[in-house]
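Just below is one structure, and these are the notes that go with it.
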Amino acid sequence: SGQPENKADWYFEAFQKGIRDFYFCCAWQGVYSTNETRKGRIIAAAPSTLLKTFAIYTLPNSDVKSVYDLGKNRYAVAVNKFADAHYVTLKNMRQFLPDSEIQLAHLGGVEQCFRALLDGKVKAATLAGPYADFAYHVGMRRVLGLSRDEPTFIVMDETFDKETISAAVTAAETGHL
């Protein structure tokens with residue numbers, strides 16, 4: 001359950017099975033997925049209006065009090081590889097730490113990262129959505145709030161004709177997609 005570790009394969013399979021005609025994703029995921037699977041066409045980039053509660057969390061009794069503790073101790077932050085969490089975590093941590101002090105652990109989707117944090121397999125995890133909300137409400141420590149201002153991409157099955165793709169772009173531009 002939860003998000004898959006490899007969203008590129010997930011999106012590819014949805015196109016192959018006809019489950020989806022298009023999907024919304026972060027810019028990084030759009031480029032990675034279309035390049036990795038050779039399936040789908042990026043048809044639009046929209047300003048991100050998606051509000052996510054991304055943050056790096058630790059357990060309440062952790063010795064990690066700030067992002068600097070993560071770097072100093074070379075503690076890995078659990079993230080979903082090639083997804084928003086990976087790139088947003090990296091970008092935001094670079095505001096405080098040199099690359100040599102940033103460690104990421106690719107453990108699967110947000111659910112797997114959350115479980116790894118609870119089980120003590122990692123000292124910190126990037127959490128979003130209901131996992132971040134739950135972490136906050138049960139007293140986990142929010143070490144660093146994360147933000148994303150990159151566009152949201154719309155990726156469409158490339159087998160559609162130009163008229164259909166054009167109609168989809170128009171719908172996206174007018175807020176009807």
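No experiment lies behind these values; they were computed from the predicted model shown.
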Item to check | Student check: side-chain heavy atoms of Met140 and Phe114 closer than 4.5 Å | outcome: yes
Checklist entry - What residues form a side chain to side chain donor-acceptor pair (under 3.5 Å) with Ser166, not counting sequence neighbours? => result none
Item to check | Atom of Leu59, atom of Leu117 and distance for their closest heavy-atom approach | outcome: CD1-O, 3.5 Å
Item to check | Exercise: identify the closest heavy-atom pair between Pro60 and Gly139 | outcome: CG-O, 3.3 Å
Checklist entry - Are any of the side-chain heavy atoms of Thr34 and Val155 separated by less than 4.5 Å? => result yes
Next on the checklist: Working to the nearest 0.5 angstrom, can you tell me the gap between Leu97 CG and Leu70 CG?
Outcome noted: 7.5 Å
Checklist entry - Can you check whether Arg115 reaches Leu107 side chain to side chain, under 4.5 Å on heavy atoms? => result no
Checklist entry - Judged by atom type as modelled, is there a donor-acceptor pair below 3.5 Å linking the side chain of Arg74 to the main-chain atoms of Ser100? => result yes
Item to check | Over 12 foreign heavy atoms within 6.0 Å of CZ, Arg141 | outcome: yes
Checklist entry - About how many Å separate CG of Leu144 and OG1 of Thr126, when rounded to the nearest 0.5 Å? => result 8.5 Å
Next on the checklist: Under a 4.0 Å threshold between the charged nitrogen and the carboxylate oxygen, would Glu101 count as salt-bridged to Lys72?
Outcome noted: no
Item to check | Val138 reachable from Val122 in the ILVMFWY side-chain graph, under 4.5 Å edges | outcome: yes
Item to check | Side chain proximity check, Glu111 to Asn80, heavy atoms < 4.5 angstrom | outcome: no
Next on the checklist: Angle between ring planes, Phe15 versus Tyr23, binned at 30° and 60°: parallel, tilted or perpendicular?
Outcome noted: tilted
Checklist entry - Is the backbone of Lys121 close enough, under 3.5 Å, to the side chain of Asp119 for a donor and an acceptor to pair up by distance? => result no
Item to check | Validation row, ring centre Tyr57 to ring centre Tyr131 under 6.0 Å | outcome: no
Item to check | Nearest atoms (heavy-atom pairs only) where Val110 meets Ala128 | outcome: CG2-N, 3.8 Å
Checklist outcome for this item: Looking only at heavy atoms, the pair that brings Val143 and Ser66 closest together is CG1-C, 3.3 Å
Item to check | Side chains of Asp69 and Tyr75 in contact at under 4.5 Å (non-hydrogen atoms) | outcome: no
Next on the checklist: With a 3.5 Å distance limit and no angle check, can you tell me whether Arg142 reaches the backbone of Tyr136 through a side-chain donor-acceptor pair?
Outcome noted: no
Checklist entry - Gln103 versus Val77: any side-chain heavy-atom pair under 4.5 Å? => result no
Item to check | Within 6.0 Å of CD in Glu158, more than 12 heavy atoms from elsewhere | outcome: yes
Checklist entry - Just wondering, do Asp99 and Arg94 contact through their side chains at under 4.5 Å, heavy atoms? => result yes
Next on the checklist: Given 3.5 Å as the limit, does a donor-acceptor pair link the side chain of Asn92 with the main chain of Ser147, or not?
Outcome noted: yes
Checklist entry - If every non-hydrogen atom of Ala125 is compared with every non-hydrogen atom of Cys113, which pair is closest and at what distance? => result CB-O, 3.7 Å
Next on the checklist: For Leu127 and Phe134: C-alpha separation, side-chain torsions, deciding distance, then whether side chain to side chain contact (heavy atoms under 4.5 Å, CB included) applies.
Outcome noted: CA-CA 10 Å; Leu127 303 176; Phe134 183 76; over 6 Å; no
Checklist entry - Quick check: does any side chain N or O of Lys123 sit under 3.5 Å from a backbone N or O of Gly120, one acting as donor and the other as acceptor? => result no
Checklist entry - Taking C-beta and beyond as the side chain, do Val67 and Met93 meet within less than 4.5 Å on heavy atoms? => result yes
